[in-house]
Amino acid sequence: MLDRMDPERLLPGGPSLMMILAGGLYLGPFLAGLSQQPRWTIAACAAVMVLWSLLYRSASWPERISDLAQARVVAIVMLLVCVMLVLSSLFFLAGLGLSRIGAAVSLPFTVP
């Protein structure tokens, strides 16, 4: 006998839902590369990724504004920005390479 499916069990929980949403952020640079958009879209996609990371991990940031001037916090933010730029560049290049290999039809600018 088949058990009834509980709809709450089918929906992803809190952490897995956040991982799915964060994974969707990488689709932007990939689609930008696939549609052969200008290179400045790498920086725009990286900025969105940095903003997501800062908001998602807001509990790990200092509570006082004056603590943001510490060298450790500045180094962490610069490292985060560099990592997001590298990730955006890799996904952009993957999409660009795929569009060059497949000679894909250019997507409209608003899609990425």
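As a basis for the values below, the full set of heavy atoms in this structure was taken, side chains included, without hydrogen atoms, waters or symmetry mates.
Without hydrogens or angle criteria, S99 side chain to L96 main chain gives a donor-acceptor distance under 3.5 Å.
Contact between P29 and L25 at its shortest, heavy atoms only, is CD-O, 3.2 Å.
Interatomic distance, OG of S88 versus CZ of F30, reported as 13.5 Å (0.5 Å rounding). Considering CD of Q37 and CZ of F92, their distance stands at 7.5 Å, rounded to 0.5 Å. Atoms OG and CD1, on S89 and I42 in that order, are 4.5 Å from each other to the nearest 0.5 Å. Rounding to the nearest 0.5 Å gives a distance of 9.5 Å between CE of M84 and CG of L79.
Clustering ILVMFWY residues whenever any of their side-chain heavy atoms sit less than 4.5 angstrom apart, transitively, puts V77 in a cluster other than the one holding L55. Hydrophobic clustering (ILVMFWY, side-chain heavy atoms < 4.5 Å, transitive): L80 and V83 are in one cluster. No continuous path of hydrophobic side-chain contacts links L51 to I76 [ILVMFWY only; heavy atoms under 4.5 Å]. Residues L54 and V73 are members of one and the same hydrophobic cluster, defined by side-chain heavy-atom contacts under 4.5 angstrom among Ile, Leu, Val, Met, Phe, Trp and Tyr.
The only member of L87, L90, L31 that meets side chain to side chain contact (heavy atoms under 4.5 Å, CB included) when paired with Y26 is L87.
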